[in-house]
Amino acid sequence: MLKWGLVPFWAKDAAIGARMINARAETVAQKPAFRQAFKRRRCVILADGFYEWHAEDGRKTPYFISLKTDRPFAMAGLWESWDKTDQPPLETCAIITTTASKSIGKLHDRMPVILDAPTATDWIQAERDPDALIAMLKSYDDEDIQAWPVNRTVNNPANQGPTLIERAD
DNA sequence: CCAGACGTTGTT
DNA sequence: GTCTGG
DNA sequence: CCAGACGTTGTT
DNA sequence: GTCTGG
């Protein structure tokens, strides 16, 4: 079970993971925290949607973003194993972000990298040319994405359940 | 040379 | 572990 | 990102 | 107002 928040293998303290939730596609191959995972430990994180917050009238309105097919999809990720304690290794992951597609860009300037099924398979192959990997990290086709506002109860991560993704206006 | 950072804009 | 900044 | 704390052992 | 924790 991967925990979100990538803890680099060299970290002295697992707390660094809290700041390693996302990795930018533009720099993931260079950054010390991610580049080794980029070479050897790529993964996909499956979801049926994600949230972005849109600043409007001094408030941040959360939006639920998903595929028009309502099917789950793969997000490009990296994982690490951190083995600096007596405990079993801590396995963690990060989600790669890229420039928002045109429609999502109205809400927020970044979005997770969504991979279609064949590309997801490519992404997790052991040996890949770094340039080919980077080329996979594009924003997803706007035509296939839908978004709608949801209730602000989603702002508290303790809140769970299907009502969080119901449309609210 | 050593000290300090190592990342992104998010909720796991 | 490796790079950057001082 | 938002929610919640924010501090010390105390008297303007 | 700003920082920390989740």
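Below, read A as the first sequence line, B as the second, and so on, with proteins coming before strands; counting in each chain starts at 1.
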(request) Just compare B:dC6, C:dC3, B:dT9 and give me whichever is closest to any side-chain atom of A:Arg110. (result) B:dT9

(message) Among D:dC2, B:dT9, B:dG7, which nucleotide has an atom closest to any side-chain atom of A:Ala33?
(response) B:dG7

(message) For A:Lys68, is the NZ atom crowded, meaning more than 12 foreign heavy atoms sit under 6.0 Å from it?
(response) yes

(request) Can you tell me the distance, in whole Å, between the CD1 atom of A:Ile45 and the C1' atom of B:dT12? (result) 11 Å

(request) Determine, step by step, whether A:Asn151 and A:Thr163 satisfy the side-chain contact (heavy atoms from CB on, under 4.5 Å) criterion, reporting the C-alpha distance in whole Å, the side-chain angles of both residues, the deciding distance to 0.1 Å, and the verdict. (result) CA-CA 8 Å; A:Asn151 195 279; A:Thr163 60; over 6 Å; no

(message) Measuring only the P atom in each nucleotide, how far is D:dT9 from E:dT2? A whole number of Å is fine.
(response) 26 Å

(request) Could you state the atom-to-atom distance from CZ of A:Arg35 to C1' of B:dA5 in whole Å? (result) 12 Å

(message) What is the separation between atom CD on A:Glu80 and atom P on B:dG7, rounded to the nearest whole Å?
(response) 13 Å

(request) In whole angstrom, give me the gap between the P atoms of B:dA5 and E:dC3. (result) 16 Å

(message) Using 0.5 Å steps for rounding, measure from the CG atom of A:Leu90 to the CG atom of A:Leu6.
(response) 9.5 Å

(request) Output the single nucleotide from D:dC2, B:dC6, B:dT9 whose closest atom is nearest the side chain of A:His108. (result) B:dT9

(request) Looking only at side-chain atoms of A:Trp4, point me to the closest of B:dG7, B:dT12, B:dT9. (result) B:dT12

(message) Under 4.0 Å from OP1 or OP2 of B:dC6: is there any side-chain N or O of A:Lys31 that close?
(response) no

(request) For D:dG4 versus B:dT12, give the span between their P atoms, rounded off to a whole number of Å. (result) 15 Å

(request) Could you say whether the aromatic ring of A:Trp10 and the base of C:dT2 stack, counting only centre distances under 5.5 Å and plane angles under 30°? (result) no

(message) At 4.0 Å (heavy atoms only), tell me whether A:Phe9 reaches a base, stays on the sugar-phosphate, or touches nothing.
(response) sugar-phosphate

(message) Donor-acceptor check, side chain of A:Arg42 to backbone of A:Trp123, threshold 3.5 angstrom: yes or no?
(response) yes

(message) Between C1' on B:dG7 and CZ on A:Arg24, what's the gap in Å once rounded to a whole number?
(response) 10 Å

(request) Would you write the dot-bracket representation of DNA chain D, where each base gets (, ), [, ], | or . depending on whether it forms a Watson-Crick or G-U pair under 3.5 Å and with which partner? (result) ||||||......

(request) Determine the contact category for A:Gln36: base if any of its heavy atoms lies under 4.0 Å from a base atom, sugar-phosphate if only primed atoms, P, OP1 or OP2 are that close, otherwise nothing. (result) nothing

(request) Nearest whole angstrom, please: distance from the C1' of C:dT4 to the CD of A:Gln30. (result) 15 Å

(request) Could you check whether A:Ala23 gets within reach of a base, just the sugar-phosphate, or nothing at all, counting any heavy atom under 4.0 Å? (result) sugar-phosphate

(message) Using atom P in both nucleotides, what's the gap between B:dG10 and D:dC2 to the nearest angstrom?
(response) 9 Å

(message) Nearest whole Å is fine: how far is D:dA3 C1' from A:Asn159 CG?
(response) 11 Å

(message) Under a 3.5 Å distance rule, please check whether A:Gln125 uses its side chain to pair with a backbone N or O of A:Thr121 as donor and acceptor.
(response) yes

(request) Give a yes/no on whether any side-chain N or O of A:Thr97 is located under 4.0 angstrom from OP1 or OP2 of B:dT9. (result) yes

(message) Between A:Thr92 and B:dT12, is there a contact of a side-chain N or O with OP1 or OP2 at under 4.0 Å?
(response) no

(request) Classify the angle between the aromatic ring planes of A:His54 and A:Tyr63 as parallel (below 30°), tilted (30 to 60°) or perpendicular (above 60°). (result) perpendicular

(message) Using the rule side chain to side chain contact (heavy atoms under 4.5 Å, CB included), only one of A:Ile45, A:Ile95, A:Thr92 pairs with A:Trp4; which is it?
(response) A:Ile95

(request) Mind checking A:Asn22 for me? I need base, sugar-phosphate or nothing, with any heavy atom below 4.0 Å counting as a touch. (result) sugar-phosphate

(request) Report whether A:Leu2 and A:Phe34 are members of the same hydrophobic cluster (ILVMFWY, side-chain heavy atoms less than 4.5 Å apart, transitive linking). (result) no

(message) Tell me the interatomic distance from A:Arg19, atom CZ, to E:dG5, atom C1', rounded to whole angstroms.
(response) 13 Å

(request) From the options B:dT9, B:dG7, B:dG10, select the nucleotide whose nearest atom is closest to the side chain of A:Glu52. (result) B:dG10

(request) For A:Leu90 and B:dT12, give me the distance from atom CG to atom P, rounded to whole Å. (result) 16 Å

(message) Tell me whether A:Asp129 contacts the main-chain N or O of A:Ala132 through its side chain, where contact means a donor paired with an acceptor under 3.5 Å.
(response) yes

